[in-house]
Structures are given as structure tokens and as C-alpha cells.
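These notes are about the structure you will find just below.
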Amino acid sequence: PDAAEYDPYALPNNAIQEPPVSLWAALKKIGPGIILAGSIVGSGELLLTTSLGAKHGFLFLWLILFSCVIKVFVQTELGRYAISSGKPTLGAINELPGPRFGAHWIVWCWLIMMLTTISQLGAMTGTVGQSLNLAFPNVSANIAHSADYSLPWLADWIRARPETPWAVLTCLTAVALLWSGSYRRIELITTVLVVGLTFITLTATCLLPATKYPIPWPEVAEGLTFILPAAGIAAAFGAFGITGVGASELFYYPYWCLEKGYARYAGRRESNEDWARRARGWIRVMHLDAWVSMIVFTISTVAFYFMGAAVLHPQQLYPEGTEMIKTLSHMFQDTFGEWTVIVFLIGAGAVLFKTLYISSAGNSRLLADFLSLSGVVRYARPEQRAVMIRRFSLLLPVIALILSVVFQDPKALVTVGGFAQGLMLPLISGVTVFFRYRRTDRRITPGLVLDILLWVAFVLITCVALYAAWNQIGKWTAPPVVAK
């Protein structure tokens, strides 16, 4: 099918541009990877990765680094196919051979994973509420006092769950930004937040040697020795699924590449050498975009992990339940003093809000695509798709708010979402290998080294996922231990 079928990602001839030839010019054209980094550095890093460090110390450092690096080879191949075909992820998958139920069965698998990972959005909303309530505790108290006479039941509920007014504000802010948000706005907001928050977290980690919680370098070295203790396999699998480029981000990335304009600039695929030259040039820009973002989110992820392992682990402080953010604040409070707590709380709220905002934007685009591919709706004009995206942009933050109210343990919500992404990773990696050998134009295929690394990524991702899933299923089906 023609790529124009997947509007608004059509490829008009008047949009063709020559690729940049200098590094500086190419850096000016990056952006999709920064949006991805904004999505990545969020609930997984602040909640799950830090908790993993708090519980297990530096034992899983090698897994964190591996998770950040290895999945980028899958990401760049998906980006390559999107540029060469002009088709977003779900549209391309829907053309694969195999069973279909309206849409291709893998598209349905994505929907199941997405519905599961919405739990992560609930965790983000609730944890932003926790952060801001701890930073400004009088706000909820004043709201409850105001409601004492007119709505006493509401006042009692706010006193019991003081983070809820902040969670509602988080939801409304996300809806307002998403409702009128274009790609350019999403890229701008994300870039500012990612750069600022990465700088703060990295600075805090670098200052640890001057505090009473210096980095224990022998333990860091031990964390690079590929140890995987059985007691932490489920948590490690969740971290592997959600740190670095998760399955959700792999689905998002081609959409952001297309909205940035990489495929439009290359033009509709043709048999002449001009198209192949332009496509190779824009693929180089996409590779630069992906690896710059990898450096950014790896630095942030490792910094969060170091803070958890170096500060919380020696004190046996484990972030859980409604006290999660309060426990995490000890990373700054116990290390740098009371004055840094409010900085951490506001920063933590910004980290999580950023991911809620970007994940909702990405999921809205894929859900609008899913409805079209499954035959539920048909978009006669691009404007109709835009309306559907806005509707989902309104719906997803509201669902996240409801989940944050119903479930009070953010870490559990994040772990569920991470586990689902971990199960989906081998599938999307396998699809990427199929695209590479059966669908990508031979004139723009990668070299031998990238091919080998793609296969290494696919095999290792699959092995880790199957091993961890088998272990977790064994735990679920094991008979309960009878106390003597």
C-alpha cells in the first residue's frame, strides 16, 4: 500500500531536502531520540532502577548498562525502515504475513502491552502527586479544611490521600499541553526538561565522594561481573524491560522520526540513485539522533542507580508504597542536607510528569493508528486522525489518574508495565530482523558490523526475556510455603 495511506506521514515531493553534510548541521536535525530519552528517563529510572540499587546494591550495574546499549541496535533498524518506507510502526507490522483479526496479531499484542503499561502512567501521576505534596504539604491541608463544611467526605478523603489534589492537577496539566501540542512543542519541552534534569542528577552523583556516602568502587567493580542472583530476577527483568529503550519506545520511535520529517526529506522510495543517497544521508542523521539520546539516558539511568546503591542500600531503605518518594528523598536529604529535599521533590515531579506527557503523546498516536488498522474507524482526511489523537490525549491522563487513586503502590504498577514490555521485546526485535532482511531496500541496508550487533541484540534480548519469564512463572505456580 502507498505510504500516503498512513497520513499524516505522507511523502509529498515538495518536502524533499538534501541531508546535512557536517556534524553540526546534523546535530541541528536531531530530536526524535531526545523525545525518546524524555520518555525513558522517568518512572523506570527514578522508581524501579533506584529501588533496584537500594535493594541489591551495585550487583545489577552490568544489566543496567547492557539494557541501555543493546536495544539501540533494534531502535536504529526500525528507524531505518521507517525512513525507507515512510510507514509508522503499526502500519508496517500490519503488512506482515500471518494471522489477523481485523489487524495483524502482533498489532493486537502491542495493544495488550500498551494497556498493561498504562499502569506506569498511573504510577507517574500518583508519584508526581506524592512529590508535590511533600514539597508543599499545606496545599492539600487547606483544600481539606475548605471542604470540611460543604463536602466533609471529600475533606476526609483528601486528608487520607493528600497527594490526590496534586495528581488531579498533574492530569489536567498533561491534558492541556497534549490537547494543543504539536511535534515541535513536544520536542522543545522535552529537550529543556531532559537537559536540566540530567545535569542535576549527574551533578549530585559526582558529588557523592565528598559526602558520608562515597561511591564504593570495589562494589562497582563487582557490579560489572555479570552476577544475577535468583532473589532479584523478577526485579531485574522488570528493570531490563523498562530501562533503556523499552518495547513501548521501540514502537514510538518510527512515529517521531516520521513527524520530525526524516522520511519526507528523503522522499518517496524510487529506483534512482538520488533517492538512495538522500535516504542514506537521513539514516546517518537518525543514527546520530539515536546514539546521542542513548548517551543522555544512560548517564541519567546510571546516576539514579548509583544514588540508590550508594545512599539507600547501606541504610537498608527500600522505596515502596505511598512512602516511596519520601524514602527516595533520603538520597538527597541524607547526603547533601535538608535544603536539597525540596529540590529533589520538585525535580522528581518534573521527571515523572515529563514521561507521563511524552508517553501519553506517543500512545495517542499509536492508538489512533490501531483503530484505523483494525477497521474500527477510517480516516478520510488527516484532520480526522488528529481529532482522534486529541481524544486519546484527553483519555490517557484521566485513566492514569484513576489508576493512581485505586492503586497506592507506584512501584508495583511500574513493575507490571516493565514486565509486559520485557515480554514484548523479543517480538518487536524479531519483527525488526524480518524488516531488515525481507523489506528494507538493499541499497540502504546496514554493514556487517551493525548486522551482527542486531542479531546479538535479538538473541540476548530473547534469552533474557525467556529465562526471566520462566523463572517468574515458576514462582507464581509454586506451592505456598507452609510455616512450621
Is there a donor-acceptor pair under 3.5 Å between the side chain of Arg280 and the backbone N or O of Arg443?
-> yes
Inter-residue atom distance Ile93.CD1 - Trp105.CH2, 0.5 Å rounding | 10.0 Å
Is there a donor in the side chain of Tyr253 and an acceptor in the side chain of Asp289, or the other way round, less than 3.5 Å apart?
-> yes
Distance from Lys87 atom NZ to Asp369 atom CG, nearest 0.5 Å?
-> 12.5 Å
Residues passing the ring-ring contact (aromatic ring centres under 6.0 Å, His included) test with Phe370, sequence neighbours excluded, are Trp108
Mind checking whether Trp291 and Phe73 have ring centres under 6.0 Å apart?
-> yes
Partners meeting ring-ring contact (aromatic ring centres under 6.0 Å, His included) with Phe392 (sequence neighbours left out) | none
Identified side-chain contact (heavy atoms from CB on, under 4.5 Å) partner of Thr198 from the options Ile295, Val296, Leu193 | Val296
Straight-line distance of Ile64 CD1 to Leu224 CG, nearest 0.5 Å = 12.0 Å
Residues Glu77, Arg80: salt bridge by 4.0 Å N-O rule = yes
Inspect the contact between Lys71 and Glu249 and indicate whether a charged nitrogen and a carboxylate oxygen are less than 4.0 angstrom apart.
-> no
With sequence neighbours excluded, what pairs up with Arg436 under the salt bridge (charged side-chain N to carboxylate O under 4.0 Å, His left out) test?
-> Asp451
Are the ring centres of Phe60 and Tyr305 closer than 6.0 Å?
-> no
Distance-only side-chain donor-acceptor flag, Thr355 / Ser39, under 3.5 Å = no
